[in-house]
Amino acid sequence: MYTRVVRLVVAFVMIMAGAWAGTLATAGTAHADGCYTWSRTLSQGASGADVTQLQIRLGGYPGYGAVLAVDGEFGPATTAALKRFQSAYGLTADGVAGPNTFNKLYALQDDDCTPVHFTYSELNDCNTTWSGGAVSAATAKANALRTMWKLEALRHALGDQPITVTSGFRSYACNDAVGGASSSRHLYGDAADLGAGPHSLCTLAKQARNHGFRGILGPGYPGHNDHTHVDHRSSQYWSASSCGI
């Protein structure tokens, strides 16, 4: 009986030791992801497609009035954006993208690469093909993805409360049907109209200034008293006079 008890104790200790060793082996290791898996640590000076993927997800953290380039080059602006992201989620803000950063990004994205709180269907209630706009369907959809990551950053900065998207990509036909401007950024897939909810339209407009949107139109701008519009036009234009913008 004594010998049997000793064997059971030894077996238990070995099992626990193995589990502990396994934990050590995997601690700090980023898991594979259904959307995109980074395979190396990234820091300033790196370049490549994996940097581009990181920049897309950091697009909402460029700092006030700035826009983060998605060019595959890990420069000072990417380092600064990464530090803001890390700080926002309680990670060590060292500007180095390693396992902890990647695991947080994996937790924030679905398998289709959209951030967990936004979907392609939210950014396109016009059609299912993303066609018929001012750019190719692939470009419009890619632009919408970048917009969603900026909105995810905006949402987190405002306490992780829901943000309602009332309009996203539009084909020319859809844009004409709602009386949109002939040069509307909705035709490019990089615009989103946001409705009031937990946050006022002015709160959304003011906070959007920190999250990589070159275009911000809100209350006080003609035709925008019932929504806040954000986009990625070629140069900065912010106008929401009722909000002090």
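From a predicted model like this one, the values you see are computed outputs, not experimental measurements.
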Check whether any side-chain heavy atom of [X] lies under 4.5 Å from a side-chain heavy atom of [Y], and answer yes or no.
X    : Y    : value
I245 : S239 : no
T164 : L194 : no
T101 : Q86  : yes
P162 : P198 : yes
L108 : E152 : yes
M148 : P115 : yes
L217 : Y237 : yes

Is there a donor-acceptor pair under 3.5 Å between the side chain of [X] and the backbone N or O of [Y]?
X    : Y    : value
Q207 : L204 : no
D110 : D112 : no
R185 : A191 : no
N225 : G220 : yes
T228 : L201 : yes
D50  : Q53  : no
T166 : D193 : yes
T139 : V135 : no
H156 : A88  : yes
S200 : A196 : no

What pair of heavy atoms forms the shortest contact from [X] to [Y], and how long is it?
X    : Y    : result
A205 : A240 : CB-CB, 4.5 Å
V165 : E122 : CG1-O, 3.6 Å
C243 : P219 : SG-CD, 3.9 Å
Q109 : C35  : NE2-CB, 3.5 Å
A192 : L151 : CB-CD1, 4.2 Å

Pairwise distance [atom1]([X]) to [atom2]([Y]) - rounded to 0.5 angstrom:
X    : Y    : atom1 : atom2 : answer
L145 : K150 : CG    : NZ    : 11.5 Å
Y61  : R84  : OH    : CZ    : 11.0 Å
D190 : L123 : CG    : CG    : 10.5 Å
D33  : L105 : CG    : CG    : 9.0 Å
N103 : Y106 : CG    : OH    : 7.0 Å
S136 : N143 : OG    : CG    : 8.5 Å

Are [X] and [Y] linked, directly or through other ILVMFWY residues, by side chains that come within less than 4.5 angstrom of each other?
X    : Y    : value
L187 : Y120 : no
L58  : L42  : yes
W38  : V96  : no

Residue pair T78 / Q44, side-chain donor-acceptor N/O under 3.5 Å
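No.
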
Between T92 and D94, is there a side-chain donor-acceptor contact under 3.5 Å, judged purely by atom types and distance?
no

What residues, two or more places apart in sequence or in another chain, satisfy salt bridge (charged side-chain N to carboxylate O under 4.0 Å, His left out) together with D160?
R155

Chi angles and distances behind the side-chain contact (heavy atoms from CB on, under 4.5 Å) call for H232, R146
CA-CA 9 Å; H232 187 69; R146 296 184 187 187; over 6 Å; no

Stepwise side-chain contact (heavy atoms from CB on, under 4.5 Å) check, L154 with I163
CA-CA 9 Å; L154 173 63; I163 290 177; 3.8 Å; yes

Qualifying residue, where the test is side-chain contact (heavy atoms from CB on, under 4.5 Å) with C126 and the options are N124, T129, T128:
N124

Working note: R170 + S184, criterion side-chain contact (heavy atoms from CB on, under 4.5 Å); need CA distance, chi angles, decisive distance, verdict.
CA-CA 9 Å; R170 299 174 192 159; S184 172; 4.0 Å; yes

side-chain contact (heavy atoms from CB on, under 4.5 Å) for W238 and R214? Distances and angles first, verdict last.
CA-CA 7 Å; W238 296 346; R214 286 200 181 104; 5.6 Å; no

Listed pairs under 3.5 Å, donor-acceptor, residues 63-77 side chains, sequence neighbours left out:
{"residue": "D71", "atom": "OD1", "partner": "Q55", "partner atom": "NE2", "Å": "3.1"}
{"residue": "D71", "atom": "OD1", "partner": "E73", "partner atom": "N", "Å": "3.0"}

Enumerate the residue pairs fulfilling ring-ring contact (aromatic ring centres under 6.0 Å, His included) with a member in residues 169-223, sequence neighbours excluded, ordered by first and then second residue.
W130-F169, H186-H229, Y221-H224

